[in-house]
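All remarks here apply to the structure that follows.
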Amino acid sequence: MNTGSRLSHLTCLSCGGEYDAHILNNYCQQCSQPLVARYNLNNQIKRPVWSTMSRSGMWEWKEFLPVFRSENIISLGEGMTEVRSLSGWAKGIGLGRPLLMKDESTNPTGSFKARGMSAAVSKAVELGVRHFCTPTAGNAGSALAAYAALAGTKASVFMPKQTPKMFSFDVSLMDADVYMVEGTIRDAGLLMAEKNKEWGAWDVSTLKEPYRLEGKKTMGYELAVQLNFKLPDVIFYPTGGGTGLIGIWKAFKEMQAMGWIDEIPTRMVAVQMEGCAPIVKAWQQGSDSSEVWNEPAETAANGLRVPKAFGDKLILTTLQESKGFAISVSESEMLTELKSFAIVEGHFVSPEGAACLAAIKKSKSDGDLDDSWDIAFIQTGKGYKYAENLWA
């Protein structure tokens with residue numbers, strides 16, 4: 001059955017090159033920058049209403065996702081996560097309005113990575129892929145292993161040895177091959193690239209193929225419809241690879257193209273740890289790209305141990321277009337807010353989510369947040385998966 005996908009083509013935002021969406025493409029062959037999916041959009045497409053949606057998962061947005069045939073959709077019920085309005089912690093740090101939390105911990109495999117991998121694996125399977133590989137800080141590996149298993153395909157996952165054992169157990173349980181690597185996710189990616197010269201597996205590293213971005217952008221569609229298209233004034237996003245930050249902004253721009261919203265008021269904020277903050281450094285220097293972070297990247301927030309994001313230019317462009325900013329927090333600030341949020345709100349957020357909380361508190365203290373603003377953050381995954389790191 002046809003999904004009704006409006007996918008038109010792929011394009012490189014750097015050089016403008018266009019690629020056929022009916023054949024397998026990864027990144028731009030001309031300038032080695034990420035490719036993004038483009039859709040046939042117009043202002044005749046009816047805006048949805050939350051109360052009438054089935055809320056069966058992110059594939060309710062299949063018109064704006066890349067898979068053409070329904071039988072190729074590989075889904076575990078990801079998406080349609082709740083937006084919670086939380087006033088206790090917000091009031092405690094002096095915010096003028098309740099804090100909005102998009103709770104991605106309820107996704108299959110326990111994090112927002114399920115969205116991206118569902119879209120990427122589905123489209124790749126539609127185009128004939130039978131072997132996937134990725135480097136991971138944890139959650140992406142869990143998601144790839146699960147969706148590859150459901151698709152009946154092979155997965156090879158490379159992760160730093162510092163990754164909590166829960167993640168490698170999770171991946172192994174799904175019968176994926178696990179390679180433990182000294183160093184950071186960058187080192188894991190380098191070893192994977194070497195091994196993949198023999199395999200020829202489909203590399204689903206962050207933004208080295210176009211479709212994980214499409215799954216992640218559904219967070220933006222959901223936020224809009226859940227809030228009756230009154231978008232938040234600020235969204236704090238924990239930024240390692242940055243796919244979700246780019247994706248949410250992409251969703252807002254697509255909705256604007258369809259006339260669902262007139263303007264985009266949202267400032268996107270990239271949150272990183274002081275121990276690994278290449279995007280923050282580039283932002284402060286006014287650069288359009290980041291340098292490799294060569295200092296030791298030590299943090300319990302595994303997803304933020306990314307010395308160099310492949311999509312760094314797109315991240316920085318998103319911050320500029322949205323009039324947002326980049327901010328880093330210390331390990332102690334992150335851990336303090338993880339605990340205080342748990343005490344006040346009863347949520348055990350991921351360290352990456354807690355980094356956003358610390359960034360919100362810091363931004364409020366610095367006078368960067370207006371009391372009238374609606375402030376949201378993306379709570380990326382289950383804190384329980386990080387228990388080993390946090391206990392240590």
Side-chain angles (χ1 to χ4, degrees), residues 1 3 5 53-83 102-127 129-134 136-157 159 166-178 202 204-206 209-223 226 241 243-244 247 251 303 350 352-353 378-386:
M1 182 182 295
T3 61
S5 172
M53 297 183 77
S54 68
R55 308 181 199 179
S56 57
M58 80 171 196
W59 289 97
E60 185 146 352
W61 304 104
K62 58 184 180 292
E63 267 188 280
F64 315 112
L65 288 169
V67 177
F68 292 121
R69 301 292 301 175
S70 297
E71 59 268 27
N72 295 318
I73 293 175
I74 310 299
S75 175
L76 291 166
E78 57 290 327
M80 292 298 176
T81 58
E82 189 174 350
V83 175
K102 180 71 167 160
D103 189 5
E104 291 292 294
S105 70
T106 58
N107 274 302
T109 75
S111 84
F112 65 160
K113 300 290 186 178
R115 294 178 186 264
M117 287 303 179
S118 176
V121 171
S122 295
K123 186 60 181 178
V125 165
E126 183 165 74
L127 295 173
V129 172
R130 305 302 298 169
H131 184 187
F132 298 88
C133 63
T134 194
T136 181
N139 279 315
S142 295
L144 175 60
Y147 287 95
L150 185 61
T153 57
K154 180 179 175 63
S156 299
V157 176
M159 60 177 66
M166 181 64 224
F167 290 105
S168 57
F169 173 77
D170 195 3
V171 172
S172 297
L173 185 68
M174 302 292 177
D175 206 28
D177 294 331
V178 185
W202 186 242
V204 289
S205 303
T206 301
E209 56 76 52
Y211 300 116
R212 282 178 67 182
L213 177 63
E214 297 308 291
K216 291 283 190 70
K217 82 178 181 188
T218 59
M219 289 187 288
Y221 276 95
E222 288 176 22
L223 269 170
Q226 287 169 314
T243 316
S350 66
E352 294 85 359
I378 308 300
Q379 182 346 51
T380 53
K382 293 186 183 298
Y384 298 100
K385 281 195 166 188
Y386 297 80

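Residues V204 and L144 meet the side-chain proximity criterion, which asks for heavy atoms closer than 4.5 Å. Between E82 and T106 there is no side-chain heavy-atom pair separated by less than 4.5 Å. The shortest distance between side-chain heavy atoms of T109 and N139 does not fall below 4.5 Å. For the pair K102/T81, a side-chain contact is recorded, criterion being any heavy-atom separation below 4.5 Å from C-beta on. Contact of the M117 side chain with the F132 side chain is not registered, since no non-hydrogen atoms from C-beta on lie closer than 4.5 Å. Between S70 and T3 the shortest side-chain heavy-atom distance falls below 4.5 Å. Residues M58 and M80 have side chains not in contact (no heavy-atom distance under 4.5 Å, counting atoms from C-beta outward). Contact check for K385 versus S350: no side-chain heavy atoms found under the 4.5 Å cut-off.
The two residues V67 and S5 come nearest to each other via the heavy atoms O-CB, 3.4 Å. Scanning all heavy atoms of the two residues, the minimum distance from P66 to E214 falls at CD-CB, 4.0 Å. The two atoms that bring G381 and S105 nearest to each other are C-CB, 3.5 Å, heavy atoms only. Minimum interatomic distance between A155 and A145 (heavy atoms only, all atoms of both residues): CB-CA, 4.5 Å. The shortest non-hydrogen separation linking E60 to S54 is OE1-OG, 2.6 Å. Residue R212 comes nearest to A120 through the heavy atom pair CG-CB, 3.6 Å, listed as atom of the first residue, atom of the second, then distance.
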Quick one, W59 with S118, criterion side-chain hydrogen bond (donor to acceptor under 3.5 Å, both in side chains). Give me CA distance, side-chain angles, the key distance, then yes/no. CA-CA 9 Å; W59 289 97; S118 176; 2.9 Å; yes
Decide yes or no on side chain to side chain contact (heavy atoms under 4.5 Å, CB included) for M174 and D170, but give the supporting numbers first. CA-CA 7 Å; M174 302 292 177; D170 195 3; 4.2 Å; yes
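Contacts of K154 classified as salt bridge (Lys or Arg N to Asp or Glu O under 4.0 Å), with partners at least two apart in sequence or in another chain: D177. R55 meets the salt bridge (Lys or Arg N to Asp or Glu O under 4.0 Å) test with no other residue; sequence neighbours excluded.
Here the OH atom belonging to Y211 is positioned 12.0 Å from the OG atom belonging to S122, to the nearest 0.5 angstrom. To the nearest 0.5 Å, atoms OH (Y221) and CD (Q226) are separated by 14.5 Å. Atom CG of L76 sits about 4.0 Å away from atom OH of Y147, to the nearest 0.5 Å.
Residue pairs satisfying the salt bridge (charged side-chain N to carboxylate O under 4.0 Å, His left out) criterion with at least one member in residues 111-123, sequence neighbours excluded, are listed as follows: E104-R115, R115-E222, K123-E126.
Taking the six-membered ring where tryptophan is involved, the planes of Y386 and F167 are perpendicular, since the angle between them exceeds 60° and thus also 30°.
Within the 3.5 Å criterion, the main-chain N or O of F169 finds no donor-acceptor partner in the side chain of S172. One N or O on the side chain of N107 and one on the backbone of G79 form a donor-acceptor pair closer than 3.5 Å. Between the E352 side chain and the G303 main chain, a donor and an acceptor come within less than 3.5 Å of each other.
Screening L127, V129, T134 for a side-chain contact (heavy atoms from CB on, under 4.5 Å) with W202, the sole residue that qualifies is V129.
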